[in-house]
Amino acid sequence: MKEEQKKKVHEKYKIALQKGERFWPDSIYKDLLVSLGIFILLILLATFIGVPGEPKADPSDSTFVPKPEWYFLFLFKFLAVYGQIPLLGKIEWIATAVIPGLVILFLFALPLIDRNPFRHYSRRTMGLSIMGVFVVSMIVLTTISGVPAISGNSGMSTMTLLQFMTGLVIPILAYIIIVGSSFLAKRSRPLASRLQKWTAVAASVLMAIVAVVVVAIAPKTTPAAEVQQANTLSEQIALGQDLYSINCAECHGSDGEGGIIQGVAGLDGFNMKTIHSQDEMYTRSDQTLKDIISYGQPDLGMNPFGKAYGGGLSTTEIDSLVAFMRYSWDDRAEMPAGAISSIPTLNPGEVPSWDVHIQPLVKRYCASCHQAGKQNNNYIMTSYNEMINTGDNAPLVTAGDPESLLLKLINGQEGLDPITGKVIRQMPPTKLLDPQYVDMLTRWVMAGMPQTAEQASTLEVVPMPGTAVDLTGDPTAGLTVFEAQCAKCHGENGIQGIENPGSDDGTVPSLNPIDPEIKGADLKSFITNLDIYIQNGSTPGGDSPKLTMPSFGTQGILTQQQIADVIAYVMSLNK
Amino acid sequence: MMWKKLFAWLDERLGLNDLYKATLDRPEPKGNWWNTLGSASLFLFLLQGATGIFLSVYYTPSPDHAYDSIQYIMNGVAFGWLIRGIHHWGASLMVLVVFIHMLRVFVTASYKYPRELTWLIGVGLLLCTLGMGFTGYLLPWDQKAYWATTVATSIAGSVPWVGPFILRVLRGGTDLSALTLSRFFAAHIWMLPAVLTGLIGVHLYLIIKHGESEFPGRDD
């Protein structure tokens, strides 16, 4: 800058000062006001939004999708969009080092590069236009940073192309036009600045529109299967229970009871010790348990479960697992109220559904082995469809079929593989399910295997035989029970039932001889049919039958042994 | 009477009057609200410094304890959540305010003679502020911090020739480790603040020396 120009600058500044004000107190109050405003804003942000919690760093969990702080997002997105350029995009360092380096260098050297002595906006259209386009493209890149740059299929999709346009092509074209038109300035300065100004405006508007389109047509990402983060102890224990059922139960049993391992590759027949005992819980600290889970005990056949050692569990998950073990099995630790998500029990008249009852039940007791990658004859039980359709012997369950293989196996019977002829043993192999769960599964299959609670509510409860069918009945004892409970309606020895006005038949059915349909084809179906009636009772057809048969079994009027006795007696009448 | 005497005594030794004239009682061109962004940046710097010092009382820069120490600050320390909240949001706001301040200076062409050096140092301050944001992001040692820093340092490592060297300097090894955390911690609470303080000093000196720039008029 020439000396006389410098002089002019100083003179102008002197005049501006004379027309101006004092820093104290004329202008400092504005500074103080703004600072105060910022301070209040920060207190509000800290109080009402706070700092979002994040799980602890886990170097082994590389599935975490990293996201930089928002003010670096534009750079992040720029790299992603740049990477989509054919050929050039492969040379990463141009985008990571050269371009940011040039921008920073340009910023530093700005006073040297900009030789234009004028300060007013109208004479600096080139600089202002370039900066304007740059800032808008930063904002645009930040806006679309949440949209994935690649939309799956190879090649340039519309999505990629649009992002490419708004993130790179439009701004670059704009810079070229703006700089190029500065050569026009020698002929006509107003024309050049108008061209620059409108290029910047047009480019900005265009970028903004394309960005909005990109955001609008972006596939709505379902909030990615949020890594289950347990915030309270109760949630942690519940998460631990799920993880235990899936990862540990196949060897350690559904509740840490151990036993003979069956069907686990390499460990078949191994007698697993109990791990829920006081001995175990008192002599192992949380840290020891975490270490054992994470490193495994290779000499004893236990695989490492920590992600860092080749397993599938993150540090946070192992923490939850240990919390579950500690609070469930250690009598010194008091389980917080309402901690464990239990399998809901059935209400009277309720049909179980997959969503509400079966899924948690199967997850707790079956999924440990019946998930992909385990020895399970390819029978997977992790989802509704898989439970019904998979398996080498599919279908293992058929709606309404009491002879379904699954039902046989959970009742402790063995099945025959129809293809290989191999014997399939009872399930679960070490310890049968609690009778109420066997009952729940049976009811679910018999009712038609509804998936949702809604579907289940439209279905009727299917009457089911009780455990009496497996007991041996004594006809003589049955006679006594019969005289006390049945004879008053069905008649002495079941020969002549009394009148039942309002029913289709008009009388209570005789049992001697009995309806051939109930007698069925073989003894077994005879027993089952009789039991279904006695257990669940029956309402005869007709408008308003005066008499109905009570549910002797489910209401607990008779014991299962008494029912078996009555069955034996009724059968003796119908030899 | 008493106060006047005391002031005169102090002024004689400290030069309070000269200080007042030099820093506060300065003539200025007609002010504008946009001119408050610089002082707002300074305020945010001081606020970050103050809250940062409080946080450093409880924070432990080791992978084993960093996360838990922050949990303790959030849940165990009286008003710890407020201090950390202000520090967290203050960082974002500071980047924003410094950036808009730079835009304002660019738009009014205040970087021109005689304030070229003020601009130069201002760019340095902007980069330092971003550096503070970058190094501070790792300190909570949570998943977000860990993986974002892994990616960011590997981006720095892609620079040709010197990339691997930069990567090793940043991480203190080939991987993110305890050493990375202590390096970022040192940079965040000692090195960058020292550089920032120095640059801010020069920046302020230059502003007082040349005065705030006036908004350009038609004939400028």
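Each chain gets a letter, A, B and so on, in the order its sequence line appears, and its residues count up from 1.
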Practice problem: Taking the side chain as every heavy atom from C-beta outward, state whether Tyr146(B) and Asp58(A) have any pair of such atoms under 4.5 Å apart. | Solution: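 Sidechains of Asp58(A) and Tyr146(B): no contact.
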Quiz prompt | Note, Lys56(A) side chain near Asp68(B) side chain (heavy atom, < 4.5 Å) | solution =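 When only atoms from C-beta onward are counted, Asp68(B) and Lys56(A) do touch, with a gap below 4.5 Å.
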Could you tell me whether the side chain of [X] and the main chain of [Y] form a donor-acceptor pair under 3.5 Å?
X	Y	answer
Arg119(A)	Ala109(B)	yes
Trp81(B)	Thr47(A)	no
Trp147(B)	Ala57(A)	no

Quiz item: Looking at Tyr13(A), is Arg115(B) sitting on its ring face, NZ or CZ under 6.0 Å from the six-membered ring centre and within 45 degrees of the normal?
Solution: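 Relative to the ring axis of Tyr13(A), which defines the angle, Arg115(B) lies inside both limits.
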When only pairs under 4.5 Å are counted, which of [options] shares the most heavy-atom pairs with chain A?
options	answer
Gly217(B), Pro216(B), Gly85(B)	Pro216(B)
Lys30(B), Glu214(B), Met102(B)	Glu214(B)
Gly31(B), Gly124(B), Ser110(B)	Gly31(B)
Thr108(B), Val151(B), Ile70(B), Val159(B)	Thr108(B)
Leu37(B), Leu127(B), Val95(B)	Val95(B)
Ala40(B), Ser213(B), Pro160(B)	Pro160(B)

Quiz item: Among Phe72(A), Phe39(A), Phe118(A), Tyr71(A), which residue forms the greatest number of heavy-atom pairs with chain B at distances under 4.5 Å?
Solution: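 Most heavy-atom pairs under 4.5 Å with chain B: Tyr71(A).
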